[in-house]
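First the structure, in the form of structure tokens, and then the observations on it.
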Amino acid sequence: MSSYLITGGAGFIGSNLTDLLLEAPTNTITIVDDLSMGSQDNIPDSDRVTFFEHSITDHAFMQALLRENQFDYIVLLAAVASVADSVERPYETHLVNQEANLNIIETLRTAHLPFKKLFFASSAAVYGERPELPKREDMAVQPLTQYAVDKYATERAIINYARLYDMPMVCARFFNVYGPKQNPASPYSGVLSIVMDRLASGKPFTFFGDGEQTRDFVFVGDVVNAIRGLLQTPAAKADVFNIANGKQTTLNQVVAQLEQLTGQTLNASHEAARAGDIRDSYADASKIDQFEFMHHTPLAEGLAKYVASIA
Ligand SMILES: NC(=O)c1ccc[n+]([C@@H]2O[C@H](COP(=O)([O-])OP(=O)(O)OC[C@H]3O[C@@H](n4cnc5c(N)ncnc54)[C@H](O)[C@@H]3O)[C@@H](O)[C@H]2O)c1
């Protein structure tokens with residue numbers, strides 16, 4: 001029997017993780033989410049799930065929650081998860097994406113609270129526009145937005161706390177996650193879910209550039225499985241891992257596959273590439289692949305599951 005705290009558990013990745021963890025019949029899960037982006041509909045109706053509609057920026061609330069419960073595992077997913085949003089609201093992003101997380105690890109440290117493992121969700125955004133491919137964890141970073149700065153700074157703080165104070169904590173940089181429960185109507189969704197929305201509605205979709213830009217699309221089931229694996233692997237500590245498929249896919253290829261799966265044709269137009277858009281990104285996934293738990297769902301299989309979840 002294990003108890004989990006998941007911040008951001010009403011969101012896309014957090015709710016998929018909750019579903020996975022509930023498969024073990026004695027796990028209990030506490031979710032803190034302010035529903036700024038997530039939805040209560042994502043949270044399963046179970047007496048093993050406790051939900052607090054609350055912001056992680058309420059430091060006193062988070063301190064009390066941590067002190068009054070003994071969580072075995074802590075998963076930090078709550079964030080202003082949109083890079084565009086962080087450009088609009090850099091200071092607010094910082095308070096959520098960095099300060100609130102520092103408050104959590106500082107509370108664990110100063111109160112000597114016992115826990116088995118803490119996981120923090122960082123992002124491929126930390127790599128920025130540097131041309132070297134594939135992206136490896138030991139490469140120089142180039143965080144170009146407040147979102148990326150806060151992800152990198154929090155990742156480093158967690159690794160430093162883990163080393164300096166011998167706390168069991170680990171980080172991962174997610175690449176482009178897709179799959180069930182991703183909100184296609186959100187203006188901040190990843191490109192893949194926006195394409196899905198436009199295919200279903202027939203509304204126009206604008207390619208910025210020729211569609212040959214590449215991304216590393218990773219199925220959400222593989223991501224939550226990797227989070228659980230990192231939590232349960234004591235050797236994965238004071239470190240950061242890419243979580244990705246390790247494959248480079250063009251936007252045109254994804255659109256073609258989604259058109260085939262849905263039987264719809266995208267109402268597409270093209271505009272010039274936007275300044276600052278990253279042309280190519282994909283991960284070297286060999287570091288996370290050292291663990292047997294890492295699974296790479298082929299894109300065609302993951303897209304089929306995603307389409308089936310929406311139909
Ligand atoms: N989806 C991706 O492709 C991707 C890629 C890289 C990193 N990440 C990271 O993974 C994590 C989960 O992302 P997601 O795709 O599930 O996004 P999401 O927006 O669906 O989930 C984030 C959740 O955090 C909640 N939240 C935001 N601010 C909060 C606050 N102040 N207090 C409490 N809850 C708050 C939101 O309501 C939402 O439910 C985030 O940290 C994100 O930065 C995601």
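Excluded from the calculations below are hydrogen atoms, water molecules and symmetry mates; all remaining heavy atoms, backbone and side chain alike, are included. All ligand and atom numbering here is 1-based and tracks the order in the structure.
Near Leu77, meaning under 4.0 Å from one of its heavy atoms, ligand 1 places the atoms 11 (C), 12 (C), 40 (C), 41 (O). Within ligand 1, counting atoms from 1 as listed, the ones closer than 4.0 Å to a heavy atom of Ala10 are 39 (O). Atom numbering of ligand 1 starts at 1 in the shown order; those under 4.0 Å from a heavy atom of Lys151 are 40 (C), 41 (O), 42 (C), 43 (O). Of all the atoms in ligand 1, the ones that sit under 4.0 Å from a non-hydrogen atom of Phe175 are 3 (O), 5 (C). Interface atoms of ligand 1 facing His54, defined by a heavy-atom separation under 4.0 Å, are 32 (N), 33 (C). Per-residue contacts place Val96 under 4.0 angstrom from the following atoms of ligand 1 (heavy atoms of the residue considered): 28 (N), 31 (N). Below 4.0 Å from some heavy atom of Leu35 lie the following atoms of ligand 1, by number and element: 37 (O). The distance from ligand 1 to the heavy atoms of Gly8 drops below 4.0 Å at these ligand atoms: 23 (C), 24 (O).
Counting protein heavy atoms only, atom 37 (O) of ligand 1 is closest to Asp33 OD1, 2.7 Å. Shortest contact from atom 17 (O) of ligand 1 to any protein heavy atom: Ala81 CB, 3.5 Å. Scanning all protein heavy atoms for the shortest distance to atom 16 (O) of ligand 1 gives Ile13 N, 2.8 Å. In terms of protein heavy-atom proximity, atom 26 (N) of ligand 1 is closest to Asp34 OD1, 3.4 Å. In this structure, the protein non-hydrogen atom closest to atom 8 (N) of ligand 1 is Phe174 CD1, 3.6 Å. The nearest heavy-atom contact from the protein to atom 43 (O) of ligand 1 is Tyr147 OH, 2.7 Å. Closest protein heavy atom to atom 21 (O) of ligand 1: Gly11 CA, 3.6 Å.
With His296 contributing its side chain and Ala244 its backbone, the two residues share a donor-acceptor pair below 3.5 Å. A donor-acceptor contact shorter than 3.5 Å is absent between the side chain of Asp284 and the backbone of Lys135.
Ligand 1 has a nitrogen or oxygen under 3.5 angstrom from a nitrogen or oxygen of Gly38. Any N or O atom pair closer than 3.5 Å counts here, and Phe12 shares at least one such pair with ligand 1. Close N/O approach between Ser55 and ligand 1 is found [any backbone or side-chain N/O within under 3.5 Å]. Checked against a 3.5 angstrom limit, the closest N/O atoms of Gly14 and ligand 1 fall outside it. For ligand 1, the polar-atom distance check against Met37 finds a nitrogen or oxygen pair separated by under 3.5 Å. Not a single N or O atom of Asn176, backbone or side chain, sits closer than 3.5 Å to an N or O atom of ligand 1. Residue-to-ligand polar distances place Val177 within reach of ligand 1: an N/O pair is separated by less than 3.5 Å.
Using cut-offs of 30° and 60° on the angle between ring planes, the pair Tyr178 and Phe217 is perpendicular. The aromatic rings of Phe293 and Phe291 sit parallel, their planes meeting at an angle under 30°, below the 60° perpendicular limit.
Considering Asp19, Asp41, Asn16 in turn, Asp19 is the only one that fulfils the side chain to side chain donor-acceptor pair (under 3.5 Å) rule with Lys181.
Neither the backbone nor the side chain of Thr7 has a heavy atom within less than 4.0 Å of ligand 1.
Ring-centre distance between Phe115 and Phe71: not below the 6.0 Å cut-off. The six-membered or imidazole ring of Phe119 lies away from that of Tyr73, with a centre-to-centre distance of 6.0 Å or more.
A heavy-atom distance below 4.5 Å is not found between the side chains of Leu5 and Val75. For the pair Phe207 and Leu251, the minimum side-chain heavy-atom distance is below 4.5 Å.
Phe120 and Leu21 are members of different hydrophobic clusters when ILVMFWY side chains are connected at heavy-atom separations under 4.5 Å.
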